[in-house]
Amino acid sequence: MRGTPRDVIGAPHPLLSAVAESVDPTAPEVVAAAADLLATLRGEPATAGLAAPQIGLSWRLIAVDAGRHPEARSRAGELVLANPRLSGTAQWGEWREGCASIPGLTADVPRAARITVRGHLPGTGETVTIEADAFEARCIQHQLDHLDGLLFLDRVPGVLSLHRSLHSCDA
């Protein structure tokens with residue numbers, strides 16, 4: 001299914017601070033939203049991931065394509081997951097990240113460098129397990145935060161971790 005790009009909403013929109021609802025990954029409206037999310041991500045060349053709340057849907061749905069980023073090691077490719085959840089984390093550290101919903105700011109954010117995430121493929125509902133590291137792991141965690149109503153700024157340890165940015169790059 002071919003999706004339609006949508007506008008990315010910015011903070012302080014209330015959807016960005018709300019916990020998203022679980023979805024039926026086989027429902028036609030969820031499959032259509034997954035296609036829209038991916039189309040929107042493809043249209044944001046400096047962005048490696050988006051969550052449904054960023055396009056105005058309070059659903060547990062994320063799209064990630066970290067392969068374009070020079071720091072990516074694991075590369076799951078274009079990936080859309082419904083109802084994703086972390087099932088394992090390791091190797092914590094701080095890395096710089098930003099967000100398409102908060103242009104002009106980046107921050108040093110503590111994240112796991114290795115993760116395991118489980119979710120469902122929109123359309124089939126098939127359960128998948130993804131192991132990711134480095135940039136891809138951080139990107140997925142950033143998107144999972146959006147589903148829980150968190151922005152990367154909520155994880156910043158202090159004001160000295162904030163940086164001005166001339167571009168926007170999700171995770």
Side-chain angles (χ1 to χ4, degrees), residues 1-9 15-69 71-91 95 97-101 109 111-152 154-155 168-171:
M1 174 180 268
R2 187 177 199 131
T4 303
R6 298 190 188 195
D7 291 335
V8 175
I9 62 175
L15 273 179
L16 297 175
S17 59
V19 176
E21 300 288 326
S22 294
V23 296
D24 173 355
T26 63
E29 62 274 14
V30 173
V31 174
D36 289 355
L37 194 58
L38 199 52
T40 306
L41 178 60
R42 288 176 183 148
E44 298 278 332
T47 301
L50 287 171
Q54 291 179 280
I55 63 166
L57 300 169
S58 187
W59 292 351
R60 297 192 79 77
L61 192 65
I62 65 170
V64 176
D65 183 7
R68 299 180 286 193
H69 195 279
E71 292 180 25
R73 288 196 314 240
S74 60
R75 296 175 195 267
E78 284 187 345
L79 176 67
V80 182
L81 291 176
N83 307 318
R85 61 182 170 75
L86 276 179
S87 59
T89 62
Q91 298 177 348
W95 291 275
E97 65 184 68
C99 182
S101 293
V109 179
R111 300 257 186 221
R114 297 187 59 77
I115 65 165
T116 303
V117 64
R118 290 189 171 87
H120 303 277
L121 296 179
T124 66
E126 175 187 350
T127 300
V128 293
T129 300
I130 304 294
E131 291 185 3
D133 65 4
F135 181 79
E136 189 170 49
R138 297 188 309 270
C139 181
I140 291 170
Q141 291 169 87
H142 180 106
Q143 304 320 314
L144 294 175
D145 276 355
H146 278 299
L147 302 183
D148 292 332
L150 298 172
L151 297 171
F152 77 100
D154 295 317
R155 296 212 181 264
S168 172
C169 179
D170 229 18

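This chain uses plain numbering: 1 for the first residue, then up along the sequence.
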In short, side chain to side chain donor-acceptor pair (under 3.5 Å) pairs touching residues 79-90 with sequence neighbours left out are S87-R118
Across all chains, not counting sequence neighbours, the side chain to side chain contact (heavy atoms under 4.5 Å, CB included) partners of A20 are P53, S58, R60, L147
Between L16 and S101, the two heavy atoms sitting closest are CD1-CB, 3.8 Å
Of V8, L41, T40, the one forming a side-chain contact (heavy atoms from CB on, under 4.5 Å) with T47 is L41
CD (Q91) and CZ (R114) are apart, to the nearest 0.5 Å, by 5.5 Å
Scanning both residues in full, the closest heavy-atom pair of I9 with G56 reads CD1-N, 4.3 Å
When rounded to the nearest 0.5 Å, the distance separating CD1 of I140 from CD of E131 is 11.0 Å
What one should report as the nearest heavy-atom pair of R111 and F152 is NH2-CB, 4.3 Å
Output for pair (L144 CG, C139 SG), nearest 0.5 Å, gives 9.5 Å
Here the salt bridge (Lys or Arg N to Asp or Glu O under 4.0 Å) pairs for residues 45-55, sequence neighbours left out, are none
Side chain to side chain donor-acceptor pair (under 3.5 Å) filter on D154, not counting sequence neighbours, yields none
The reported gap from CG in L37 to CD in Q54 (rounded to nearest 0.5 angstrom) is 8.0 Å
**Prompt:** Taking side chain as C-beta onward, heavy atoms only, is H120 less than 4.5 Å from V30?
**Reply:** no
Rounding to 0.5 Å, atoms CD1 (I62) and CG (L79) come to a distance of 6.5 Å
Closest non-hydrogen atoms of A51 and Q143, given as atom of the first, atom of the second and distance, are N-OE1, 3.3 Å
Hits for side chain to side chain contact (heavy atoms under 4.5 Å, CB included) against T124, two or more places apart or cross-chain, chain-then-number order -> L121, E126
For A52, the side chain to side chain contact (heavy atoms under 4.5 Å, CB included) test, sequence neighbours excluded, returns L57, W59, L61
Residue pairs meeting salt bridge (Lys or Arg N to Asp or Glu O under 4.0 Å), one or both in residues 18-37, sequence neighbours left out, come to R6-D36
Note: A90 and A112 closest approach over all heavy atoms is O-CB, 3.6 Å
Between the CD atom in E97 and the NE2 atom in H142, the distance rounded to the nearest 0.5 Å is 5.5 Å
> Does E78 reach the side chain of V64, with side-chain heavy atoms less than 4.5 Å apart?
Replying inline: no
